[in-house]
Amino acid sequence: MGKRLVIAIDGPAASGKSTTAKSIAKLLGYTYIDTGAMYRSAALAAFRAKISFDDIDKLKDMLEHISISFQISADMQIVLLNGKDVSKRIRDADITKLSSEIATIPIVRHKMVKLQQQMGDEGGVVMDGRDIGTVVFPNADIKFFLTASTRVRALRRWKELPEGAVTVEQVEKDLVWRDKNDSSRSVGPLLKADDAIHVDTSGLSVQQQINQIYSQVKTKINSEDMT
Ligand code: CDP
């Protein structure tokens, strides 16, 4: 068997990262690591413990004891925070906003990046996030940066939500706020790595997007096998 790669997929909210990353991981028999779910879990842990994001000592203590892991159950990936399934709760709007806020705190990023590096150090991973190709795995074997227009992203996310839960305008407003917050932080901002392949998914179907990325990954794997 050839080398098992580290594949980095970054991009703004709802740009199609997780759908793509999940499928590519399945096709290759790799592990999918959803780093957004890790920031979401950290936000949920702090929220539940009523820790103010200004209280660095309490955050530090929380991070020392936190356990975040992934498990496959009935073909779905579930996220465990301190052993409990939080997969649904971490997608709620309040935790989504808090995840972007907690992700600006350097000690939080430091801890998450360290965990992510440990999870991927043997290769055979598809990792998606904001800073995978720039900070977590600057030497990843192949990097993608996915984008799509704000409207397309808002519509995609809105369709995943229960009917009538929120308007598409509200979803768009939240996405714009989060992108701005994620791009403007000083540590690990949302940024395209110089050597990342840019894919604009606005006009692509899910299948087209997966095919396009998978074929580039296969080319990379074949070229690695020849060396
Ligand atoms: O799925 P979606 O694109 O909406 O978000 P996500 O990937 O689950 O990420 C949730 C939040 O976590 C983002 O808004 C970022 O603030 C943060 N995040 C980060 O800072 N760094 C990462 N590598 C991944 C996520």
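Reckoned from all heavy atoms, side chains included, excluding hydrogens, waters and symmetry mates. Numbering of ligands and ligand atoms starts at 1, following listing order.
Near A103, with a cut-off below 4.0 Å to any heavy atom, the atoms of ligand 1 are 16 (O), 17 (C), 20 (O). The A13 neighbourhood of ligand 1 comprises atoms 3 (O), 4 (O), with distances under 4.0 Å to a heavy atom of that residue. When each atom of ligand 1 is checked for a heavy atom of K17 under 4.0 Å away, the hits are 3 (O). The atoms of ligand 1 that sit less than 4.0 Å from any heavy atom of R91 are 8 (O).
Protein heavy atom at the shortest distance from atom 11 (C) of ligand 1 is S99 OG, 3.3 Å. Regarding atom 21 (N) of ligand 1, its nearest protein heavy-atom neighbour is R109 NH2, 3.0 Å. Looking at atom 7 (O) of ligand 1, its nearest protein heavy atom turns out to be R130 NH1, 3.0 Å. For atom 18 (N) of ligand 1, the nearest non-hydrogen atom of the protein is Y39 CD1, 3.6 Å. Protein heavy atom at the shortest distance from atom 1 (O) of ligand 1 is R157 NH2, 3.3 Å. Scanning the protein for heavy atoms near atom 14 (O) of ligand 1, the closest one is D182 OD2, 2.7 Å.
Residue contacts with ligand 1 for R185 involve side-chain atoms from C-beta outward but no N, CA, C or O (heavy atoms, distance under 4.0 Å). Contacts between R40 and ligand 1 below 4.0 angstrom, taking non-hydrogen atoms only, involve the side chain exclusively. Contacts with ligand 1 closer than 4.0 Å are made by no heavy atom of Q116, backbone or side chain. Under 4.0 angstrom from ligand 1, the non-hydrogen atoms of A14 all belong to its backbone.
On a distance-only criterion, R178 and ligand 1 share at least one N/O pair closer than 3.5 Å. Ligand 1 has a nitrogen or oxygen under 3.5 angstrom from a nitrogen or oxygen of T35. Taking only nitrogen or oxygen atoms, main chain and side chain alike, G129 does not reach within less than 3.5 Å of ligand 1. Residue D131 has at least one N or O atom closer than 3.5 Å to an N or O atom of ligand 1. Residue contacts with ligand 1: D34 is placed with no nitrogen or oxygen under 3.5 Å of a nitrogen or oxygen of the ligand (distance criterion only).
Shown here is D194, whose CG atom has no more than 12 heavy atoms of other residues, nucleotides or ligands within 6.0 Å.
Ion pairing between K220 and E224 holds under the 4.0 Å rule for side-chain N and carboxylate O. Between E101 and K97 there is a salt bridge, since a side-chain N of the basic residue sits under 4.0 Å from a carboxylate O of the acidic one. Looking at R151 and E169, a side-chain N of the basic residue comes within less than 4.0 Å of a carboxylate O on the acidic one, giving a salt bridge. Between R89 and D92, at least one side-chain nitrogen of the basic residue sits less than 4.0 Å from a carboxylate oxygen of the acidic one, meeting the salt-bridge criterion.
Follow the hydrophobic side-chain contacts under 4.5 Å out from L190 and you never reach V113; the two are in separate clusters.
Under the 4.5 Å side-chain criterion, counting only non-hydrogen atoms from C-beta, L191 is not in contact with D131.
The two residues G120 and V6 make their nearest non-hydrogen contact at O-CG2, 3.8 Å. What you find for R91 and T96 is that their closest heavy atoms are O-OG1, 3.4 Å.
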Exercise for review: List the steps and the verdict of side chain to side chain donor-acceptor pair (under 3.5 Å) for Q170 and D174.
Suggested key: CA-CA 6 Å; Q170 185 58 46; D174 291 351; 3.0 Å; yes
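For D128 (side chain) and A21 (main-chain N/O), no donor-acceptor pair under 3.5 Å exists by modelled atom type.
The side-chain hydrogen bond (donor to acceptor under 3.5 Å, both in side chains) test with N211 is passed by exactly one of Q207, Q208, Q209: Q207.
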